[in-house]
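The first residue of the sequence shown is numbered 1, and numbering continues consecutively from there. The structure displayed is predicted, hence computed values, not measured ones.
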Amino acid sequence: MPACVQTARGPYILSLVGEPERSNERVILTISMESGNGIERVAIRCALASTQVRSGQENAVIERIGVWIAAEFEKVREAALKSVRAEHKLLMIPIGPDWRGQL
């Protein structure tokens, strides 16, 4: 189930894109951020320790990440767009157990 966050640009829907990429050490979630009116869509990748994401709990993790995304939306959005434009790849955000929302 997608999460909805309220931003200065209006509501954005956060949803998991595809299946999580799992290894013994980490899980990578690709998260789509789509404006409520459908005009803009950008995606990010979040790398978490495998102990942070249980199978089937990905949406709960996205909701927790969504709290940070809502608070830092412009910074996350601009970094994600810049990564796609300049590096031709999705922004990767490493999220460790002691992560405090650093970008």
Legend entry - Trace of the side chain to side chain contact (heavy atoms under 4.5 Å, CB included) decision for R41 with S32: CA-CA 7 Å; R41 183 184 316 165; S32 170; 3.5 Å; yes
Inset, instruction - In plain terms, say whether E21 and R45 are close enough for a salt bridge, that is, a side-chain N and a carboxylate O under 4.0 Å apart. - result: yes
Inset, instruction - Measure the shortest side-chain to side-chain distance between V17 and I31 over non-hydrogen atoms and say whether it is less than 4.5 angstrom. - result: no
Legend entry - E63 side chain to V61 backbone, donor-acceptor under 3.5 Å: no
Inset, instruction - Any chance you could measure M33, atom CE, to T7, atom OG1, to the nearest 0.5 Å? - result: 9.5 Å
Legend entry - Gap between atom CZ of R64 and atom CG of L48 - 0.5 Å precision: 8.5 Å
Inset, instruction - Just do the side chain to side chain contact (heavy atoms under 4.5 Å, CB included) check on I93 and W68 with the steps written out, would you? - result: CA-CA 12 Å; I93 302 172; W68 170 72; 3.9 Å; yes
Legend entry - Members besides I28 in its Ile/Leu/Val/Met/Phe/Trp/Tyr cluster (side-chain heavy atoms under 4.5 Å): M92
Inset, instruction - Quick one: closest heavy-atom pair of A70 and V5, and the distance? - result: CB-CB, 3.9 Å
Legend entry - Sub-4.5 Å side-chain heavy-atom contact between L90 and V42: no
Inset, instruction - Name all pairs fulfilling the side chain to side chain donor-acceptor pair (under 3.5 Å) condition that reach into residues 80-96, sequence neighbours left out, sorted by first residue then second. - result: none
Inset, instruction - Output, in order, the C-alpha distance, side-chain angles, deciding distance and verdict of side chain to side chain contact (heavy atoms under 4.5 Å, CB included) for I65 and C46. - result: CA-CA 9 Å; I65 294 169; C46 297; 4.2 Å; yes
Legend entry - Q52 vs R26 side-chain heavy atoms within contact, under 4.5 Å: no
Legend entry - Side-chain touch V27/L29, heavy atoms, less than 4.5 angstrom: yes
Inset, instruction - Please examine the side chains of V53 and E58, heavy atoms only from C-beta on, and report whether any two atoms are closer than 4.5 Å. - result: yes
Legend entry - Non-hydrogen side-chain atoms of E34 and I39 separated by less than 4.5 Å: no
Legend entry - Worked check of side chain to side chain contact (heavy atoms under 4.5 Å, CB included) between L81 and L91: CA-CA 8 Å; L81 291 172; L91 177 67; over 6 Å; no
Legend entry - Atom CZ of R77 with >12 non-hydrogen neighbours under 6.0 angstrom: yes
Inset, instruction - State, yes or no, whether a side-chain contact exists between S50 and N24 at a heavy-atom distance under 4.5 Å. - result: no
Legend entry - Residue pairs involving residues 46-65 (criterion ring-ring contact (aromatic ring centres under 6.0 Å, His included); sequence neighbours excluded): none
Legend entry - Candidate pair Y12 and E40, rule side chain to side chain donor-acceptor pair (under 3.5 Å), full reasoning: CA-CA 9 Å; Y12 271 71; E40 180 178 73; 2.6 Å; yes
Inset, instruction - Provide the closest heavy-atom pair for A43 versus A80 in the form atom of the first, atom of the second, distance. - result: O-CB, 4.1 Å
Legend entry - R22 CZ: over 12 foreign heavy atoms closer than 6.0 Å: yes
Legend entry - Within-4.5 Å side-chain heavy-atom neighbours: L16 and T30: no
